[in-house]
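Structure, as structure tokens:
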Amino acid sequence: MDKRIYLCLAHMSGNEMAYIQEAFDTNWVVPLGPNVNGFEADLEHFVNDIQGNASYELNKKVVALSAGTAAVHLALLACGVGPGDEVLVQSFTFCASSHPVTYLGATPVFVDSEPETWNMSPELLERAIVDRMTATGKKPKAIVPVYLYGMPARIEDICAIADKYDIPVIEDAAEGLGSRYDGRVCGTFGRYGVLSFNGNKMITTSGGGALICPDEEAKQEIMFYATQAREAYPYYQHEKIGYNYRMSNICAGIGRGQMTVLDEHIAHHKRLQALYKDLLEGTEGITLHENPSTRQDSNFWLVTILLDENLHVKGEEHAYETTVKGAVGGAAGVTHVTTQPHTDCEPNRNVEAMRIALDTAGIESRPLWKPMHLQPVYRYNPHYTDGTAESLFKRGLCLPSGPCVMEEDVAYIVQTIKENIIE
Ligand SMILES: *Cc1c(COP(=O)(O)O)cnc(C)c1O
């Protein structure tokens, strides 16, 4: 095979250029304009749609921003997070769930996952709330559960606990666009919901994000902070610190084009998941991560597997002998060079051997995200953990599942996995 198969690459619908051309023709090449408004309207329509016969209606508002990370930052700000505060964040996540907490001078306190959805454990969440109140004398300012790899968290249980202690929930649905819990779009359960349109997400605007807001008033407040907090005077007047976080009208044009294929993309990811399930059936030592109940309807942004620690993979005795060179300066944006092949917590040897075997066969795969409480940058942060995320991290791999991955690619990937298992 001379083609390389990537995890999840952006895929254009063909409708993007018309929206971008319109922005040029009408001279709206700025961080506001008709495409931004149109994209927000499309997103509002999408997130407010409930599948099945719901007895309620949703009327969420959406603000388009320059990144998902900016959306997390502004949601925290709107929840009143400031210096000295604590925020409870799912540990098993990408760093953008927790880094903005530190931008505000607050401390992320990490909560472990439960093994069914791999997302925030409601039990550990409640333990953390009670213990933080005892330790600090005040309540955590917000709770940030995540829809990791698209999988819906136990969001109803999480929101019930948040309500009991009156703490706002910010759902990080950056990976979960179009995932549903009980037919309702993930990101619409808490006070705020974060979306990302980075290049590798379910849809892309090249770079971008959005914040799902509870109502028009909250949307207006987020827009105020996203546009340098300008007061209504003929001159620049500032009473608050703001940010330059609005989405550009060009990026929003890409977003409008992408919205025309969002449903198709989601269906494609689900089809690939089903195909992986079929083809991996009966492969001993490999477990596919699936919807744990009918309440969860994952978008399967990334298909993920666990390798049993007793599974033997060809070449595992040589795993970690060399440092990673490929990502340096490449698509992953890793610019730091390391001389150490090891850290104090890394995936098992069989996982690394499988990653290398797939890479050699032209297939990109990636270990599961390393939990934040195990990251050196957060080594002094409090955490409420029981080993679940750490154990998943050591055993897991993400497999290609984007719109450019074809059904024959999945067959080739599964065949390569099987060929590298030592019976
Ligand atoms: C991608 C991602 C983000 C951040 O989105 P950007 O648009 O890249 O800033 C936040 N949280 C999670 C879980 C993500 O995967």
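Just so it is clear, the values below take in all heavy atoms, side chains as well, and ignore hydrogens, waters and symmetry mates. Whatever order the structure lists them in is the order used to number ligands and atoms, beginning at 1.
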>> Salt bridge check, Arg180 against Asp49: does any charged N sit closer than 4.0 Å to a carboxylate O?
In response: yes

> Got a salt bridge between Arg4 and Asp359, using NZ or NE/NH1/NH2 to carboxylate O under 4.0 Å?
Replying inline: yes

> Going by an N to O cut-off under 4.0 Å, is there a salt bridge joining Glu123 and Arg154?
Replying inline: yes

Write none if no such pair exists; otherwise list each N/O atom of ligand 1 with its protein N/O partner under 3.5 Å and the distance.
unit_1: ligand 1; atom_1: 5 (O); unit_2: Ser196; atom_2: OG; d: 3.2
unit_1: ligand 1; atom_1: 7 (O); unit_2: Gly68; atom_2: N; d: 2.8
unit_1: ligand 1; atom_1: 7 (O); unit_2: Ser196; atom_2: OG; d: 2.7
unit_1: ligand 1; atom_1: 7 (O); unit_2: Gly208; atom_2: O; d: 3.4
unit_1: ligand 1; atom_1: 8 (O); unit_2: Asn198; atom_2: ND2; d: 2.8
unit_1: ligand 1; atom_1: 9 (O); unit_2: Gly68; atom_2: N; d: 3.3
unit_1: ligand 1; atom_1: 9 (O); unit_2: Thr69; atom_2: N; d: 2.8
unit_1: ligand 1; atom_1: 9 (O); unit_2: Thr69; atom_2: OG1; d: 2.5
unit_1: ligand 1; atom_1: 11 (N); unit_2: Asp172; atom_2: OD1; d: 3.3
unit_1: ligand 1; atom_1: 11 (N); unit_2: Asp172; atom_2: OD2; d: 2.7
unit_1: ligand 1; atom_1: 15 (O); unit_2: Glu175; atom_2: OE2; d: 2.5
unit_1: ligand 1; atom_1: 15 (O); unit_2: Lys201; atom_2: NZ; d: 3.1

> Between Arg355 and Glu352, does at least one N-O distance fall below 4.0 Å, as a salt bridge requires?
Replying inline: yes

> In Å, rounded to the nearest 0.5 Å, how long is the span from OG of Ser179 to CE of Met202?
Replying inline: 6.5 Å

> How far does NE2 of His289 sit from CD of Gln273, to the nearest 0.5 angstrom?
Replying inline: 8.5 Å

